[in-house]
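Read through the structure below, which is laid out as structure tokens, and then see the notes.
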Amino acid sequence: MIGVELALLLRRRRVWLCWLLLCALPALVAVVVSATGILPPPGQGPAFLSAVATNGQIFPAFALALVLPVLLPITVAVVAGDTVAGEATAGTLRYLLIRPVGRLRLLVAKLVSVAFFVLTAVTLVVLSSYAVGTAVFGTGTTTATGGLTLPPVDTGPGAVGSLSATVIEPVDLATRTGLTVGYLALCMLTLGALGIFFSTLTDAPLAAALAVLAVVVTSASLQALDASAAFVEFLPTAHWLAWIDLYRDPVLYDSARTGAWVQLGWVAVATGAAWANLATKDVTS
């Protein structure tokens with residue numbers, strides 16, 4: 001069942017278009033910055049952008065910061081919102097469940113396919129932006145052992161640390177980037193699980209996708225309110241930027257660890273709600 005869902009995912013043009021757009025946006029920014037030579041001073045502009053001109057190997061971090069707030073959640077919402085509602089709209093959900101396929105098994109297969117999409121999306125952004133960054137901005141300074149001397153990186157107001165002329169071995173940098181990929185994939189899987197849940201509530205994929213985006217907007221808005229201080233740590237978007245701490249020296253794991261537990265909680269709750277609704281739903285379409 002999982003193999004069928006993955007094959008179905010890869011046959012959809014919208015999926016490949018989402019991946020293409022996610023990779024194209026950082027590449028476009030790299031070309032514009034390289035052509036104009038205009039970069040914001042440290043502490044201003046998007047995270048890591050002021051450092052990429054002297055070290056293209058840090059460009060994947062900037063690319064992730066670029067697609068995370070808007071484009072990545074939109075693509076996840078579109079794909080996840082189509083999982084169950086798309087089957088209902090096409091009239092295939094009823095016939096799919098007539099076969100000896102349990103509803104829980106179907107739901108797990110849908111969740112795995114969404115997880116595959118988000119992990120592939122984040123990985124493609126990192127790989128493509130690394131290729132573009134090193135081609136456009138170079139590979140920075142290397143030491144005798146092959147380590148990288150990273151330029152000062154200020155991730156914006158409120159930063160409590162930075163990679164200020166810190167020598168990081170290539171393996172260490174790859175490890176930090178790998179952890180970042182996994183963490184952001186987990187953050188986006190929360191939206192994917194919510195998308196599957198909303199997809200079980202409606203036969204309209206667009207409505208499910210809009211519901212996911214409404215959750216993102218609501219969560220981000222509540223973060224800015226002092227009145228939500230009692231529960232802000234449990235909002236799905238509250239820890240999205242915790243991955244930046246993985247690029248500090250020394251690495252600060254506390255925020256990312258807390259964020260991972262919060263995201264796992266949301267995935268569990270959304271998946272459970274989706275199963276409860278689908279298991280009792282009278283599927284007629």
Side-chain angles (χ1 to χ4, degrees), residues 18-19 22-23 25-26 46-49 51 57-77 79-80 111-130 133 150 153 155-156 158-163 166 168 170-196 212 215-216 219-220 223 232-271:
C18 288
W19 286 337
L22 287 169
C23 295
L25 178 58
F48 297 97
L49 181 56
Q57 296 188 72
I58 203 68
F59 191 70
F62 161 74
L64 291 174
L66 180 66
V67 302
L68 177 61
V70 179
L71 189 55
L72 188 55
I74 288 177
T75 59
V76 175
V79 172
L111 183 63
V112 170
S113 68
V114 172
F116 173 80
F117 170 81
V118 297
L119 182 59
T120 302
V122 179
T123 302
L124 287 176
V125 170
V126 168
L127 294 178
S128 62
S129 59
Y130 180 85
L150 297 180
V153 177
T155 55
V160 298
S162 63
L163 295 174
T166 301
I168 294 183
V171 174
D172 189 14
L173 183 60
T175 300
R176 296 181 187 216
T177 303
L179 290 174
T180 299
V181 169
Y183 180 78
L184 289 181
L186 179 58
C187 291
M188 292 301 104
L189 184 58
T190 293
L191 300 187
L194 288 171
I196 293 175
V212 175
V215 170
V216 173
S219 177
Q223 280 182 247
V232 67
E233 292 295 315
F234 300 101
L235 295 175
T237 61
H239 302 278
W240 275 12
L241 296 180
W243 65 272
I244 292 179
D245 288 343
L246 299 176
Y247 285 91
R248 302 194 192 281
D249 189 41
V251 178
L252 304 177
Y253 291 102
D254 289 346
S255 296
R257 187 182 298 112
T258 301
W261 281 113
V262 171
Q263 301 304 324
L264 286 172
W266 275 97
V267 171
V269 170
T271 303

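Start at 1 with the first residue, then count along the sequence.
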Do the side chains of [Y] and [X] get nearer than 4.5 Å, heavy atoms only?
X: Trp240; Y: Leu184; answer: no
X: Leu64; Y: Thr180; answer: yes
X: Thr75; Y: Met188; answer: no
X: Leu72; Y: Val122; answer: yes

Would the distance check show the side chain of [X] and the main-chain N or O of [Y] forming a donor-acceptor pair, the cut-off being under 3.5 Å?
X: Ser129; Y: Val126; value: yes
X: Trp243; Y: His239; value: no
X: Ser219; Y: Val216; value: no
X: Thr190; Y: Gln263; value: yes

When rounded to the nearest 0.5 angstrom, what is the spacing between [atom1] in [X] and [atom2] in [Y]?
X: Thr123; Y: Leu22; atom1: OG1; atom2: CG; value: 11.5 Å
X: Leu119; Y: Leu186; atom1: CG; atom2: CG; value: 11.0 Å
X: Ser255; Y: Ile244; atom1: OG; atom2: CD1; value: 10.5 Å
X: Leu111; Y: Leu189; atom1: CG; atom2: CG; value: 5.5 Å

Restricting to non-hydrogen atoms, name the atom on [X] and the atom on [Y] that form the minimum distance, rounded to 0.1 Å.
X: Phe117; Y: Cys18; value: CZ-CB, 4.0 Å
X: Val232; Y: Ala238; value: O-CB, 3.1 Å
X: Val212; Y: Leu194; value: CG2-C, 4.1 Å
X: Val125; Y: Cys23; value: N-SG, 4.1 Å
X: Trp266; Y: Pro236; value: CZ2-CD, 3.5 Å
X: Phe234; Y: Val262; value: O-CG1, 4.0 Å

Fit a plane to each ring of Phe62 and Phe59, take the angle between them on a 0 to 90° scale, and name the class: parallel (under 30°), tilted (30 to 60°) or perpendicular (over 60°).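 If you compare the ring of Phe62 with that of Phe59, the planes turn out tilted.
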Once the angle between the rings of Phe116 and Trp19 is folded into 0 to 90°, is it parallel (under 30°), tilted (30 to 60°) or perpendicular (over 60°)?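 If you compare the ring of Phe116 with that of Trp19, the planes turn out perpendicular.
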Pair Tyr130-Thr177, side-chain donor/acceptor within less than 3.5 Å: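 There is no such pair between these side chains.
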Please check if any side-chain donor atom of Thr237 sits under 3.5 Å from a side-chain acceptor atom of Gln223, or the reverse.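 The answer is yes; a qualifying pair exists.
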In sequence, state the C-alpha distance, the side-chain angles, and the governing distance for Val118 and Val79, and then conclude on side-chain contact (heavy atoms from CB on, under 4.5 Å). CA-CA 9 Å; Val118 297; Val79 172; over 6 Å; no
Which residue pairs pass the side-chain hydrogen bond (donor to acceptor under 3.5 Å, both in side chains) test with at least one member in residues 111-121, sequence neighbours excluded?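 Found none.
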